[in-house]
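Worksheet for the structure shown next.
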Amino acid sequence: MHLVIREESRGDESAIDQVTRDAFRDHPFSQQTEHRIVQSLRESGALRLSLVASLENRVVGHVAFSSVTIGGVDQGWWGMGPLSVTPQRQRCGIGSALVRSGLRRLRERDVPGCVVLGDPAFYARFGFAPQSGLVFPGPPADHFMAWAIERPAPAGEVAYHPAFAAQP
Ligand SMILES: CC(C)(COP(=O)(O)OP(=O)(O)OC[C@H]1O[C@@H](n2cnc3c(N)ncnc32)[C@H](O)[C@@H]1OP(=O)(O)O)[C@@H](O)C(=O)NCCC(=O)NCCS
């Protein structure tokens, strides 16, 4: 199988939408708004990086990156997500390839750090870890993690783009 990770280009929108819907359809904590979050980020010009995983020219995965604020201030940090792999292709390394490619591109762009909300069993392998002082209200603290180039990482409450408030 020949997997290509590349930036989203014009014409990928509906395939990304479908992959995102399919990935989150049976997710226990999802309200099935993730595809709308991606659309809204795109429409707002807030998709800082949008990567697709393409297998034989079919989009089978996607990850979005957007800016977050820390303590109400844009400190250059990004948030990763939603991250989606089409159900038939999960557990084949595609999600990991998307994350690793994304983090490599963040380094190239001198992005000082990135946060993610998700299962630590998956994200710890990429270097994400809870960061004391960097907080996101609501979910269990161990599910909110940071990947930091900049040390020490900034402290404060993290807020995602308003697109993440999409209602079901
Ligand atoms: C989470 C997701 C993106 C992972 O992509 P993937 O291509 O299946 O993952 P990979 O094949 O690269 O990695 C598989 C590894 O991650 C683990 N893994 C996959 N999904 C996991 C999850 N939800 N929680 C914990 N571990 C998970 C697998 O056990 C496997 O571990 P191993 O390598 O030790 O065997 C994909 O399963 C998906 O789209 N899920 C539905 C949407 C979702 O949960 N998105 C993330 C929300 S934070």
Side-chain angles (χ1 to χ4, degrees), residues 5-8 12-13 16-17 19-21 23-24 27-53 61-85 94-168:
I5 308 291
R6 59 167 175 80
E7 292 202 34
E8 169 185 334
D12 287 330
E13 297 86 346
I16 291 171
D17 194 87
V19 162
T20 310
R21 285 171 187 264
F24 282 94
H27 191 283
F29 304 121
S30 169
Q31 295 185 295
Q32 278 74 54
T33 54
E34 291 78 8
H35 62 289
R36 296 189 32 214
I37 292 171
V38 175
Q39 287 167 7
S40 176
L41 286 170
R42 188 184 294 114
E43 285 162 16
S44 313
L47 264 181
R48 304 301 302 265
L49 178 62
S50 175
L51 294 178
V52 297
H62 176 256
V63 63
F65 291 85
S66 55
S67 294
V68 296
T69 58
I70 302 174
V73 179
D74 184 349
Q75 307 205 33
W77 277 55
W78 290 5
M80 182 170 74
L83 167 67
S84 308
V85 174
I94 295 171
S96 299
L98 280 164
V99 174
R100 292 208 167 90
S101 178
L103 295 179
R104 191 169 62 246
R105 290 164 202 250
L106 263 66
R107 278 186 199 280
E108 288 166 5
R109 296 175 193 201
D110 291 328
V111 175
C114 182
V115 291
V116 72
L117 184 60
D119 191 332
F122 181 62
Y123 291 105
R125 69 190 70 191
F126 310 108
F128 283 94
Q131 193 82 43
S132 64
L134 203 53
V135 293
F136 185 71
D142 67 333
H143 281 57
F144 187 68
M145 294 157 276
W147 174 91
I149 294 177
E150 178 188 56
R151 298 280 179 189
E157 189 170 306
V158 175
Y160 283 86
H161 188 274
F164 282 83
Q167 296 298 312

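Everything numeric in this text was worked out from a predicted model, so none of it was measured.
Separation of atoms OG (Ser44) and NE2 (His161) is listed at 4.5 Å; rounding is to 0.5 Å. Note that the OG atom of Ser67 and the CG atom of Leu47 stand 10.5 Å from one another [nearest 0.5 Å]. Distance check: Leu51 CG to Ile16 CD1 gives 9.5 Å after rounding to the nearest 0.5 Å. Taking CD of Gln131 as the reference point, atom CZ of Arg151 lies at 5.0 Å (rounded to 0.5 Å).
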Asp12 and Arg42: CA distance, side-chain angles, deciding distance, salt bridge (charged side-chain N to carboxylate O under 4.0 Å, His left out) verdict: CA-CA 12 Å; Asp12 287 330; Arg42 188 184 294 114; over 6 Å; no
Evaluation steps, side-chain contact (heavy atoms from CB on, under 4.5 Å), between Met80 and Trp147: CA-CA 10 Å; Met80 182 170 74; Trp147 174 91; over 6 Å; no
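Every pair passing salt bridge (charged side-chain N to carboxylate O under 4.0 Å, His left out) that includes a residue from residues 100-121 is listed here, sequence neighbours excluded: Glu7-Arg105, Glu7-Arg109. Residue pairs meeting the ring pair (Phe, Tyr, Trp, His ring centres under 6.0 Å) criterion with at least one partner in residues 64-84, sequence neighbours excluded, do not occur; the list is empty.
Closest of all the heavy-atom pairs between Ile70 and Pro154 is CD1-CG, 3.7 Å. Taking every heavy atom of both residues into account, Gly61 and Leu98 meet most closely at C-CD1, 3.7 Å. Listed here is the closest heavy atom pair of Ala163 and Ile37: O-CG1, 3.6 Å. The shortest heavy-atom contact between Ala64 and Leu41 is CB-CD1, 4.5 Å. Here the closest non-hydrogen pair linking Val111 and Gly76 is CG1-O, 3.5 Å. Of all heavy-atom pairs between His35 and Thr20, the closest is N-CG2, 3.5 Å.
Annotation: side chain of Ser84 is not in contact with side chain of Glu34 (no heavy-atom distance under 4.5 Å). A heavy-atom distance below 4.5 Å is found between the side chains of Leu134 and Val158. Side-chain contact between Phe29 and Pro139 is absent, with no heavy atoms from C-beta onward closer than 4.5 Å. Between Glu157 and Pro137 the shortest side-chain heavy-atom distance falls below 4.5 Å.
Ring geometry for Phe126 against Phe122 counts as perpendicular: the plane angle is over 60°, on a 0 to 90° scale with 30° as the lower cut. Between Phe136 and Phe144, the angle of the ring planes stays under 30°, which puts this pair in the parallel group of the 30/60° scheme.
By the side-chain hydrogen bond (donor to acceptor under 3.5 Å, both in side chains) test, Gln32 is found to be paired with Ser30, residues two or more places apart in sequence or in another chain being considered.
Remark: the backbone N or O of Ala97 is not paired with any side-chain donor or acceptor of Ser101 at under 3.5 angstrom. No side-chain donor-acceptor contact under 3.5 Å links Glu8 to the backbone of Ser50.
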